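Scroll down for the structure; my scribbles are underneath it.
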Amino acid sequence: MDETGNRQIVDLVMFMGQSNMAGRGTAEQAPVVPAGTGYEFRAMTDPARLYDIMEPFGVNENNTVSGIAETIKTGSMISAFAIEYYKLTSRPIVGVSCSKGGTSINQWQPKGSFLNDAINRFNLAGSYLERSGYSVKHKFMVWCQGETDGDHGMSIAEYKTKLTAMIEAMLAAGLEHCYLIRTGNNRDQSTLYNQIKTAQTELCGEHENTTLVSTKFEEMAAAGLMIDAFHYTQKAYNITGADAGRNTARHILSLKNS
């Protein structure tokens, strides 16, 4: 409840994907999310409260049983996303971390351990918010993944089919929409991820519940904002997260029940 006794309105967001969603930046260089304007629900480590978003987001949200577990989250785009989203919507997000570096879309298929884990985290967050007096306006996911499948030469058709299956499973679990941050360029082989980028762009044009919200990562190699062939500096995460946050908010605000 807020200070007037009304249910606080929030939007529930699943942040899912591989290493560039998990974040390989520098936490101290991320923008600071003002208190009360964005929250993290820690489904794995403390599902009994909300935390103000801070970097590295989701650093300890590991599940060794499902396999969504890693020890190298160092700074992400989530803080920048949350700040820009709140500026336009005046609603805090409640973000849930569910990402792991090096993962293929093959690992995120329906009934598999990764997607089952994601759905469980989503359900835990929703249940907590309901019993704690929050009103959830929108429930959606932000997806950032694709480098591994680009490295392995996955075809456009196969990636689209498998990404669609993943999105449909999350929609069936209760999410309303998938917002997609498109894969960038491999720093050392600039065309390596072209098929994945094409698949993602095409799917966003074809699937009514999937929207492309940022292509900024593909600018970062030329700008000198990559730390290796696959990952980005914190400045790049800040730029991309802010872009995605603004565009997601604009889409949300265009809906009838915004």
Side-chain angles (χ1 to χ4, degrees), residues 11 13-33 37-38 40 53-59 70 72-89 93 95-103 140-150 163 177-188 190 192-194 196-201 203-204 210-252:
D11 290 340
V13 188
M14 297 294 300
F15 289 101
M16 299 168 56
Q18 61 179 113
S19 56
N20 283 317
M21 178 59 83
R24 299 293 188 260
T26 304
E28 294 77 12
Q29 297 171 9
V32 175
V33 180
T37 65
E40 178 185 2
I53 288 176
M54 61 184 299
E55 297 294 339
F57 178 81
V59 63
E70 63 174 33
I72 49 176
K73 292 179 179 177
T74 55
S76 78
M77 56 181 155
I78 310 309
S79 291
F81 182 102
I83 290 169
E84 296 302 314
Y85 188 87
Y86 184 84
K87 284 180 182 178
L88 292 179
T89 64
I93 64 165
V96 182
S97 174
C98 192
S99 57
K100 176 178 168 60
T103 54
F140 58 88
M141 62 182 287
V142 180
W143 178 254
C144 181
Q145 181 273 342
E147 293 89 350
T148 293
D149 297 314
L163 181 58
H177 209 86
C178 173
Y179 294 99
L180 190 144
I181 297 170
R182 198 169 70 186
T183 301
N185 295 325
N186 183 289
R187 186 191 64 186
D188 303 331
S190 61
L192 184 61
Y193 301 147
N194 281 0
I196 300 301
K197 292 195 296 180
T198 296
Q200 291 172 342
T201 302
L203 180 60
C204 288
T210 305
T211 300
L212 181 64
V213 290
S214 186
T215 61
K216 288 290 186 181
F217 275 145
E218 69 182 34
E219 302 173 7
M220 301 308 171
L225 297 178
M226 296 189 74
I227 61 173
D228 56 32
F230 316 100
H231 306 114
Y232 302 94
T233 66
Q234 187 63 49
K235 182 177 180 179
Y237 288 122
N238 295 345
I239 292 168
T240 304
D243 186 51
R246 284 190 294 268
N247 289 325
T248 301
R250 287 169 182 151
H251 184 269
I252 288 283

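Bear in mind the structure is a predicted one, so any value in this text is a computation, not a measurement.
The shortest non-hydrogen separation linking I93 to A82 is CD1-CB, 3.8 Å. Here the closest heavy-atom approach between residue Q145 and residue G17 is recorded as CB-CA, 4.0 Å. Nearest heavy-atom pair, W143 versus L163, reported as atom, atom and distance to 0.1 Å: NE1-CD1, 3.5 Å. Residues G146 and I196 share a closest heavy-atom pair of O-CG1, 3.7 Å. Taking all atoms of both residues into account, the shortest heavy-atom contact from Q18 to T148 is NE2-OG1, 3.1 Å. Contact between F217 and C144 at its shortest, heavy atoms only, is CE1-SG, 3.8 Å.
Counting heavy atoms from C-beta on, the side chains of V142 and M21 come closer than 4.5 Å. In this structure, L192 and E147 have side chains that are not in contact, with every pair of non-hydrogen atoms separated by 4.5 Å or more. When side chains are defined from C-beta on, P31 counts as touching N238, because their heavy atoms get closer than 4.5 Å.
Remark: the backbone N or O of D228 is not paired with any side-chain donor or acceptor of D188 at under 3.5 angstrom. Looking at N247, its side chain does come within 3.5 Å of a backbone N or O of D243 through a donor-acceptor pair. Looking only at distances, a side-chain donor or acceptor of Q200 sits under 3.5 Å from a matching main-chain atom of T183. Here the side chain of T26 pairs no donor or acceptor atom with the backbone of E28 at under 3.5 angstrom.
Under the side chain to side chain contact (heavy atoms under 4.5 Å, CB included) criterion, T248 pairs with F81, Y85, F140, Y179, V213, I252, not counting sequence neighbours. Partners of N186 under the side-chain hydrogen bond (donor to acceptor under 3.5 Å, both in side chains) rule, at least two apart in sequence or in another chain, are Y193.
Distance check, rounded to the nearest 0.5 Å: CG of D149 to OG1 of T103 gives 8.0 Å. Distance check: T201 OG1 to L180 CG gives 8.0 Å after rounding to the nearest 0.5 Å. With values rounded to the nearest 0.5 angstrom, M14 atom CE is found 9.5 Å from S99 atom OG. Taking CD1 from I53 and OG from S76, the interatomic distance works out to 8.5 Å, rounded to the nearest 0.5 Å. Considering OG1 of T89 and CZ of R246, their distance stands at 13.5 Å, rounded to 0.5 Å. Going from atom CG of L225 over to atom OG1 of T233 covers 4.0 Å, rounded to the nearest 0.5 Å.
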**OP:** Apply the test side chain to side chain contact (heavy atoms under 4.5 Å, CB included) to residues C204 and T211: give CA-CA distance (whole Å), side-chain angles for both, the deciding distance (0.1 Å), then the verdict.
**Re:** CA-CA 5 Å; C204 288; T211 300; 5.9 Å; no
Subject >> Candidate pair T240 and M220, rule side chain to side chain contact (heavy atoms under 4.5 Å, CB included), full reasoning >> reply: CA-CA 10 Å; T240 304; M220 301 308 171; 3.6 Å; yes
**OP:** Check step by step if side chain to side chain contact (heavy atoms under 4.5 Å, CB included) holds for M54 and V32.
**Re:** CA-CA 7 Å; M54 61 184 299; V32 175; over 6 Å; no
**OP:** Before giving the answer on side chain to side chain contact (heavy atoms under 4.5 Å, CB included), spell out for K235 and Q29 the whole-Å C-alpha distance, their side-chain angles and the decisive distance to 0.1 Å.
**Re:** CA-CA 7 Å; K235 182 177 180 179; Q29 297 171 9; 5.9 Å; no
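The closest side-chain donor-acceptor pair between S19 and H231 falls under 3.5 angstrom. Residues S97 and K73 have side chains that bring a donor and an acceptor to within less than 3.5 angstrom of each other.
Under 4.0 Å is where a charged nitrogen must lie from a carboxylate oxygen, and between E70 and R24 at least one such pair does.
Just one residue in the list E219, K197, M226 forms a side chain to side chain contact (heavy atoms under 4.5 Å, CB included) with N185, and that residue is K197.
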